[in-house]
Amino acid sequence: MDYTKLSILELAKLLREGKVTSVELTKQVLAKIKEKEHLHALNSVMEEYALARASEVDQMFSEGKELPTLAGIPITIKDNINIKGFNTTCSSKFLENFVAPYSATIVENLEKNYAVIVGKNNMDEFAMGSSTENSAFYPCLNPRNEECVPGGSSGGSAAAVAADLGFASVGTDTGGSVRQPASLCGVVGLKPTYGLVSRYGIVAFASSLDQAGPLTKTVKDSAVMLNALAGHDAKEETSANVEKVDYMDSFTGSVKGVKIGLIKEFFGEGLDEEVKNAILDAANFYKSKGAEIVEISMPFVGSALACYYILSSAEAASNLSRFDGVKYGVSVDDPKNLNDLYLRNRSQGFGKEVKRRIMLGNYVLSSGYYDAYYKKAKKVQRLLVQQFADTFSKCDVILSPTSPTVAFKIGEKANDPLAMYLSDIYTVPVNIAELPAISIPCGLNKDNLPIGMQLIGKKFSEKTLFNVADVFETMKGEN
Ligand code: GLN
């Protein structure tokens with residue numbers, strides 16, 4: 001039997017009933033990874049490590065030990081998250097041969113839950129992009145239509161889950177990089193509240209916006225993953241010290257009385273008609289289940305994209321200044337002097353998009369422009385935070401498209417950075433305001449490509465998001 005299409009919860013049951021072993025699951029996933037190699041969803045496969053861990057878990061199951069839900073489940077993680085002793089490449093030439101000297105806190109958390117990590121996912125270089133075409137190694141293909149991109153920057157993660165190469169993945173989301181690829185590949189993607197999941201051991205892009213989150217086949221599996229990932233981390237300054245909750249307690253099966261907000265400005269120009277209709281259908285579905293639909297205006301939300309590209313690039317320029325090729329990474333022979341060494345290392349090591357962000361970031365931070373760009377963007381951020389607070393006094397969750405379009409063709413936007421940046425129009429406001437949001441599939445367009453919808457909540461309202469998303473996922477078919 002092929003188990004690779006099942007959900008984590010289904011497998012957890014089978015594992016405990018002794019109907020399947022973790023080694024069997026791991027072998028099936030490894031075989032699928034081989035079979036689907038051409039998708040380029042993975043940069044590396046950790047076969048020996050995974051099989052060894054799987055057999056440890058099987059041993060514990062056979063001794064009758066009670067284990068966490070994730071025990072024995074093969075998963076993948078994005079290649080900007082450290083696992084001690086394995087490569088962390090960030091899909092960059094700069095880090096092609098870099099071996100992580102320590103594990104990220106979230107990897108330790110996954111290991112404590114006995115998840116079996118089988119490989120690391122392809123991504124846009126240093127998580128900058130919306131299509132995974134910025135990978136320095138190879139673009140990743142969308143398993144739903146191989147002529148299309150899977151989205152980005154966690155495109156390899158979304159493609160892996162959609163193609164059954166592991167039962168979940170962990171991506172990172174600075175401006176939409178978990179949710180947008182989830183939407184384009186037809187899987188579930190969660191961006192948790194800033195601070196809920198530790199960033200320790202994850203290569204930083206824009207530290208004030210970065211947040212890791214799970215990609216899964218179902219909403220309940222997302223809750224299983226968040227249970228493992230979330231938690232205070234003393235090693236990380238911005239880690240939130242909130243009480244640990246069980247996200248599996250989220251599900252009531254009802255949205256009666258829940259106020260769902262539709263932001264007027266999210267339904268304007270640039271939104272694909274079929275995507276728009278799917279979101280409005282979802283709103284009608286919720287109404288039919290007893291939710292109240294509230295129309296709200298957020299006049300500043302249109303400034304979020306500009307604000308995001310200023311703030312994220314400024315932080316990226318600063319974070320990436322550590323890549324100089326001295327301690328590790330690309331290093332040229334016979335440099336003439338220190339400047340020449342830096343210049344040539346960085347010119348050779350970074351790809352086009354990363355260089356664009358570094359230039360943009362240094363520009364908005366440079367004296368003379370700092371006030372006009374960086375400082376102004378910080379002010380816009382404050383206004384957006386305020387506007388979200390006002391909005392959440394009128395509704396419990398916001399329903400919106402995740403991405404203005406379905407998956408686009410490989411190459412279609414590769415030479416048009418502005419068109420590419422517009423893919424993030426509905427996702428970046430969430431990062432700027434440090435909020436949680438989930439993307440779930442909500443239908444197919446006429447070409448059979450998945451459409452994703454986004455639910456945005458107040459800080460630390462992941463449980464509400466899970467419940468509202470789960471009602472749609474489990475009951476939509478009944479309508
Ligand atoms: N697409 C956005 C960007 O290129 C978001 C990236 C991300 O969330 N890592 O910056």
Side-chain angles (χ1 to χ4, degrees), residues 77-81 90-92 121-136 139-140 149-158 169-185 189-192 194 197 199 202-215 304-320 350-361 364 377 402-405 407-408 413-414 416-439 452 454 456:
I77 65 172
K78 190 173 178 177
D79 206 6
N80 58 351
I81 303 172
C90 292
S91 287
S92 177
N121 305 110
N122 194 5
M123 55 187 278
D124 283 302
E125 183 178 7
F126 285 105
M128 295 168 190
S130 307
S131 66
T132 315
E133 291 165 294
N134 296 339
S135 164
C140 173
V149 303
S153 65
S154 313
S157 297
S169 175
V170 182
T172 57
D173 189 314
T174 305
S177 281
V178 165
R179 291 160 287 154
Q180 186 257 13
S183 169
L184 271 46
C185 290
L190 174 78
K191 184 260 162 193
Y194 183 76
V197 174
R199 292 183 294 108
I202 303 175
V203 179
F205 165 5
S207 313
S208 79
L209 307 168
D210 295 344
Q211 188 63 193
L215 294 105
L305 198 67
C307 175
Y308 166 81
Y309 274 94
I310 292 172
L311 297 181
S312 66
S313 301
E315 292 187 33
S318 164
N319 273 326
L320 267 56
F350 291 133
K352 205 164 78 180
E353 184 61 27
V354 176
K355 284 181 190 156
R356 186 168 12 242
R357 305 289 177 109
I358 294 173
M359 285 192 281
L360 206 60
V364 300
T402 305
S403 167
T405 66
F408 43 92
K413 299 186 184 178
D416 187 350
L418 221 52
M420 193 70 92
Y421 296 172
L422 279 167
S423 306
D424 311 324
I425 191 149
Y426 304 122
T427 49
V428 296
V430 169
N431 302 71
I432 289 175
E434 304 189 346
L435 303 173
I438 192 165
S439 176
Q454 174 174 241
I456 308 171

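Computation of the quantities below employed the complete heavy-atom set of this structure, encompassing side-chain atoms and omitting hydrogens, waters and symmetry-equivalent molecules. Remember, it's 1-based here, ligands and their atoms both numbered in the order they're listed.
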Got a donor-acceptor contact below 3.5 angstrom from the Gln454 side chain to the Tyr426 backbone?
-> yes
Short question: side chain of Glu353, backbone of Gly129 - any donor-acceptor pair under 3.5 Å?
-> no
Identify, for atom 6 (C) of ligand 1, the protein heavy atom at the shortest distance, and state residue, atom and that distance.
-> Ser177 OG, 2.8 Å
From the list Ile310, Val428, Ile432, side-chain contact (heavy atoms from CB on, under 4.5 Å) partner of Leu305 resolves to Val428
For Asp173, the ligand 1 atoms with a heavy-atom partner under 4.0 Å come out as 8 (O)
Near Gly176, which atoms of ligand 1 are under 4.0 Å from a heavy atom of that residue?
-> 8 (O)
Polar atom proximity, Ser130 to ligand 1 (N or O, under 3.5 Å) | yes
Please state which protein non-hydrogen atom is closest to atom 10 (O) of ligand 1 and give its distance, to 0.1 Å?
-> Tyr308 OH, 2.7 Å
Proximity to ligand 1 by part of Glu353, non-hydrogen separation under 4.0 Å = neither
Whether Arg357 lies under 4.0 Å from ligand 1, heavy atom = yes
Side-chain donor or acceptor of Lys413 paired with backbone N/O of Leu418 under 3.5 Å | no
Within the distance-only criterion (no hydrogens, no angle test), does the side chain of Asn134 pair as donor or acceptor with the backbone N or O of Gly351 below 3.5 angstrom?
-> no
Non-hydrogen side-chain atoms of Phe205 and Thr172 separated by less than 4.5 Å = no
Honestly, for Phe205 the part within reach of ligand 1 (heavy atoms, under 4.0 Å) is side chain
Are the side chain of Ser169 and the backbone N or O of Leu215 linked by a donor-acceptor pair below 3.5 Å?
-> no
Ligand-side contact atoms (ligand 1) for residue partner Gly175, heavy atom cut-off under 4.0 Å = 5 (C), 7 (C), 8 (O)
Which protein heavy atom lies closest to atom 2 (C) of ligand 1, and at what distance to 0.1 Å?
-> Asp424 OD2, 3.1 Å
Ligand 1 contacted by Ser153 (non-hydrogen, < 4.0 Å) | yes
Please check if any side-chain donor atom of Glu125 sits under 3.5 Å from a side-chain acceptor atom of Ser92, or the reverse.
-> yes
side-chain contact (heavy atoms from CB on, under 4.5 Å) partner of Asp124, chosen from Ser154, Ser153, Ser130 | Ser153
Does the N or O separation between Ser312 and ligand 1 drop below 3.5 Å for any pair?
-> no
Go through ligand 1 atom by atom and flag the ones less than 4.0 Å from a non-hydrogen atom of Ala127.
-> 6 (C), 7 (C), 9 (N)
